[in-house]
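Counting from 1, the numbers follow the sequence of the chain as shown. Note that ligands are numbered from 1 as they come in the structure, with each ligand's atoms numbered from 1 the same way.
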Amino acid sequence: MSAPVVDEANRRRTFAIISHPDAGKTTLTEKFLLYAGVLGEAGAVKARSGRRSATSDWMEMEQKRGISISSTALSFEYRGHQLNLLDTPGHRDFSEDTYRVLSAVDAVVMVLDSAKGIEPQTLKLFEVCRSRNLPVITFLNKYDRPGREPLELLDEIEEQIGLRPTPATWPVGISGEFRGVVDRRTGEFTRFTRTTRGTAIAPEEIVAAASAAAEEGSAWEHAQDECGLLDAVEADVDLPSFLAGESTPVFVGSALTNFGVRHVLDAIVELAPAPQPRLDVAGLPRPLDGDCSAFVFKVQANMDRSHRDRIAFVRICSGRFERGMVLICHRTGKPFATKYASTVFGAERTTVDEAYPGDVVGLVNATDLNIGDSLYEHVPVEFPPIPRFSPEVFASARPLDTGKSKQFRKGLAQLDEEGVVQVLRDPDMGDNAAVLAAVGQLQFDVFADRLDVEFNAPIEVLAAPYESIRLTDDQSAQRLREIGGIRVLTRGDGRLVALFESRYRLQRIENDEPDLVLDHIIAG
Ligand code: G4P
């Protein structure tokens with residue numbers, strides 16, 4: 001084995017698009033597919049998802065809220081490369097699901113609405129990319145309508161996320177009168193042509209700098225002045241710092257009218273990294289052309305309610321995956337036959353016969369696989385666990401139908417394993433006393449909805465009065481249990497956690513009793 005595996009890996013770009021809701025993630029996704037020739041006409045993604053919701057009651061909430069809760073992966077060819085786009089749930093609330101998707105990608109496209117810039121609710125998501133040193137390509141969207149000063153947006157990116165923006169293209173024309181972009185690398189001008197909602201690929205008129213100067217007059221001069229400022233601070237696209245997650249190439253455009261979409265796709269191919277050998281727990285790289293290996297970054301049960309199945313989404317890390325091969329799960333030591341391997345687009349599945357590093361495969365009937373599990377064919381490997389995020393909201397679940405306690409317990413266990421919420425238990429008390437912990441409130445809503453719909457165990461979610469959580473150990477737990485306003489519980493992975501009703505009390509304890517183990521749950 002073999003060069004073909006490395007060649008296939010080099011051809012791949014595995015990435016996610018992240019944005020604040022309404023900044024244009026769905027539109028940009030559609031336009032990527034349009035430019036890649038996958039969709040004859042943009043808009044089909046929405047139409048397709050509409051059909052899906054109509055024929056399947058999977059995630060009724062998705063329909064009710066108009067948001068996409070489940071992550072899916074899309075693969076398409078562009079310029080001889082295979083682009084794997086992992087969808088991240090698009091909602092206002094943080095969810096651990098989104099963060100887990102980020103552990104399976106090699107780069108991220110960050111879409112900002114140029115009229116709004118970075119919005120507080122999504123800042124955390126962008127910070128996670130920064131803290132993990134994920135390479136980020138920035139797309140300043142909606143330039144077809146009035147927006148904020150681009151230099152101001154660059155400052156915001158630098159100050160709030162700590163990423164150094166390096167514009168690849170720069171807008172020509174004042175806000176509301178967008179003329180096009182100048183490519184800072186070549187000096188060429190691409191003129192903006194307003195297409196009707198951009199259902200077809202935008203005609204691109206590329207104009208040499210000299211002609212653009214004559215034709216665009218003061219708008220061109222102004223853009224040149226700003227580019228001069230950018231040159232002076234050496235804000236040029238810089239591959240090493242981009243790959244290190246320190247700088248971000250910035251593109252401007254308008255997804256709706258298709259303007260600038262090609263620039264971003266080209267950047268994914270030219271700048272974003274191909275899959276690299278993944279490091280195992282010991283920090284040793286798993287060679288790309290070695291034995292097949294993968295890790296589970298998402299588990300979704302009951303996607304197809306007529307089948308009641310459980311799919312584990314894995315990212316292939318090394319080797320060639322072949323449908324039907326038997327993989328071993330490192331945690332359980334058990335073999336897993338991959339007879340049913342598929343890619344999932346919404347609820348529609350397509351069988352996958354082979355896959356290479358960077359690809360995402362959905363393994364059907366994955367009853368024994370959990371998030372973070374490492375799989376291998378022959379040569380054992382354990383990849384580092386997917387980081388758990390420190391919960392910020394807490395709740396308890398009150399079953400509404402006491403006759404359904406068996407279903408309730410089953411649902412609790414299943415949804416905990418899937419990571420829908422974290423279930424924290426007191427070993428001396430029943431499941432009814434469990435505390436639910438999550439990064440965002442929406443996780444509780446999804447949890448309650450799924451308990452009701454899939455397990456027939458309706459519950460009421462009640463807010464629990466905790467403000468902070470820390471990891472602790474047995475010895476410290478004994479002391480913590482003596483103090484009021486604290487509960488010590490066990491997490492799904494067996495670790496002890498302490499919940500504090502008051503942040504201030506936690507601070508006092510940390511000051512007064514420094515020997516107690518009270519570790520932050522590290523994100524990223
Ligand atoms: P999201 O996935 O990030 O939530 O955003 P989405 O693509 O759904 O876009 C949100 C809204 O912004 C949509 O309008 C979309 O048409 C609009 N939009 C996206 N890109 C651009 C752009 O470049 N320029 C302008 N002017 N608008 C853009 P909507 O009214 O909510 O939906 P629709 O009726 O247009 O489908």
Query - Ring centre gap for Tyr143 and Phe192 strictly below 6.0 Å - result: no
Query raised in the report: What do you reckon, does His20 put a non-hydrogen atom under 4.0 Å from ligand 1?
Result: yes
Report summary line: Any heavy atom of Leu256 under 4.0 Å from ligand 1? The part involved is both
Report task. Look at the side chain of Arg130 and the backbone N and O of Phe126, then say whether any donor-acceptor pair between them is shorter than 3.5 Å. Result -> no
Query raised in the report: So does Glu152 have more than 12 non-hydrogen atoms from other groups sitting under 6.0 Å from CD?
Result: yes
Query raised in the report: Between Arg185 and Asp236, is there a side-chain N and carboxylate O pair less than 4.0 Å apart?
Result: no
Report task. Using a 4.0 Å heavy-atom cut-off, say whether Asn141 meets ligand 1 through its side chain, its backbone, both or neither. Result -> side chain
**Report entry** Nitrogen or oxygen atoms of Gly24 and ligand 1 under 3.5 Å apart
**Finding:** yes
Query raised in the report: Where on Arg145 is there a heavy atom closer than 4.0 Å to ligand 1, on the side chain, on the backbone, on both, or on neither?
Result: side chain
Query raised in the report: For ligand 1, which atoms, with element, lie under 4.0 Å from some heavy atom of Lys25?
Result: 1 (P), 2 (O), 3 (O), 5 (O), 7 (O)
Query raised in the report: Taking N or O atoms only and a 3.5 Å limit, does Asp144 qualify as a polar contact for ligand 1?
Result: yes
Query raised in the report: Under the side-chain contact (heavy atoms from CB on, under 4.5 Å) criterion, do Leu74 and Leu83 qualify, and how do the steps go?
Result: CA-CA 8 Å; Leu74 273 177; Leu83 273 49; over 6 Å; no
Query raised in the report: Nearest non-hydrogen atom to atom 8 (O) of ligand 1 belongs to which of Leu140, Ile18, Thr26, Ile17?
Result: Thr26
Query raised in the report: If you measure from each non-hydrogen atom of Ala23 to ligand 1, which part falls under 4.0 Å: side chain, backbone, both or neither?
Result: backbone
Query raised in the report: Got a salt bridge between Arg278 and Asp106, using NZ or NE/NH1/NH2 to carboxylate O under 4.0 Å?
Result: no
Query - Any N or O of Ala255 closer than 3.5 Å to N or O of ligand 1 - result: yes
**Report entry** Geometric class of the Phe313/Phe297 ring pair [parallel <30°, tilted 30-60°, perpendicular >60°]
**Finding:** tilted
**Report entry** Interfacing atoms of ligand 1 (cut-off 4.0 Å, heavy-atom, Ser19)
**Finding:** 3 (O)
Report task. Using the side-chain contact (heavy atoms from CB on, under 4.5 Å) rule, take Arg11 and Glu77 through it: C-alpha gap first, then chi angles, then the decisive distance, then the call. Result -> CA-CA 10 Å; Arg11 234 168 54 74; Glu77 293 278 323; 3.1 Å; yes
Query raised in the report: Given side chains that start at C-beta, do those of Asn141 and Lys116 come closer than 4.5 Å, heavy atoms only?
Result: no
Requested in this report: For Pro21, take its heavy atoms, then give the atoms of ligand 1 lying under 4.0 Å from any of them.
Outcome: 4 (O)
Report summary line: One finds that the ligand 1 atoms under 4.0 Å from a non-hydrogen atom of Asp22 are 1 (P), 3 (O), 4 (O), 5 (O), 10 (C), 12 (O)
